[in-house]
Student: 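Quick one: the structure is below, and I'll ask about it shortly.
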Amino acid sequence: LSGIHLVNKGQATVAASSSVELDGVTTFENAGALAIGDGAVLDWDATSGGRLLNDAGAKITYAGGSQGAYIYPPVRNSGTITASAGNLTLNGAVSQTSTGSFTGGGTITLSATVSPVGSGVNLADVTIAGGSLAGPGTFTIPAGGSVTMGATSYLSGIDLVNKGDLTVATGNSLETLSATTLDNAGTLTLADGSALSWDGSSGDQFLNEAGGTVSYAGGAEGATIGVPFDNYGTVAAGGGTLYVEAGNTTNASDTGTYAA
């Protein structure tokens, strides 16, 4: 596709093990159903202005398979993106609106900058690996939703409110940058060898709200909270060592509990 605005209101398919590339200033707008086959690639030549739009009510689906599938152009998601099985990877920047969602029993990996558009934006059922959640604005992980922060992931100038399940994966560090607030009102799980780290930016803070739980199951490597931290809920270590290194923010003190 080259220099065109293609609107799909029906059924479009990128066939298994095939590649379709967006060249030049091309917009592929999905207003219907777009199926991505196993081993398929929706590619991009990196021209500024090239993009994939998934409109409100539209669906992008990957049924699964052993090879995975890949989407490279920037995506504005106002519809639904589903991986029923296997691994669907979005390698370009993602902007998510209040009507956008990710679903399915597979793994959806976001590997670039992910940003909210407007207010009331939820984010759930994704893994961030090699990417960042970036503001301005707020992302909410809703009750029942889950987000995993994988290798080389960041929170940059964002308010991230967790009402579901947020996990920092084994051996990985989640770094906060540029006046980020991480507000936990659900369950935040620190895997063994993981860390919440801080670049020293003024205004960065981690708040564990009343009713919120920070959990570390234990292990040989320990886990670390290195962001200015106020605990109003529960921090629990089932074994090993959980290090709390940065102390409170400038405007509060702990009223929550610590359990080991």
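Excluded from the calculations below are hydrogen atoms, water molecules and symmetry mates; all remaining heavy atoms, backbone and side chain alike, are included.
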Student: Would one find more than 12 heavy atoms of other residues, nucleotides or ligands at under 6.0 Å from atom OH of Tyr258?
Tutor: yes
Student: Considering only residues two or more places apart or on different chains, which pairs with a residue in residues 199-237 satisfy ring pair (Phe, Tyr, Trp, His ring centres under 6.0 Å)?
Tutor: Phe206-Phe229
Student: Evaluate the side-chain proximity of Phe28 to Pro73: yes if any heavy-atom separation is below 4.5 Å, no if none is.
Tutor: no
Student: Show the nearest heavy-atom pair for residues Ile225 and Val214, with the distance to one decimal.
Tutor: CD1-CG1, 4.2 Å
Student: Would you say Ile71 and Asn91 make side-chain contact, with heavy atoms under 4.5 Å?
Tutor: no
Student: Determine whether a donor-acceptor pair (N or O, by modelled atom type, separation under 3.5 Å) exists between the side chain of Ser194 and the backbone of Ala223.
Tutor: no
Student: Hey, is the main chain of Ala69 close enough, under 3.5 Å, to the side chain of Asn87 for a donor-acceptor pair?
Tutor: no
Student: Name all residues meeting the side chain to side chain donor-acceptor pair (under 3.5 Å) criterion together with Ser2; count only those two or more places apart in sequence or in a different chain, and write none if there are none.
Tutor: none
Student: Any side-chain heavy-atom pair from Tyr70 and Val14 closer than 4.5 angstrom?
Tutor: no
Student: Counting C-beta onward and ignoring hydrogens, is there a side-chain heavy-atom pair between Met149 and Asn172 closer than 4.5 Å?
Tutor: no
Student: Do the side chain of Asn122 and the main chain of Pro142 share a donor and acceptor less than 3.5 angstrom apart?
Tutor: no
Student: Which heavy atom in Thr249 sits nearest to a heavy atom in Gln205, and how many Å separate them?
Tutor: CG2-CB, 3.7 Å
Student: For the backbone of Thr234 and the side chain of Asn208, can you confirm whether one donor and one acceptor N or O come within less than 3.5 Å of each other?
Tutor: yes
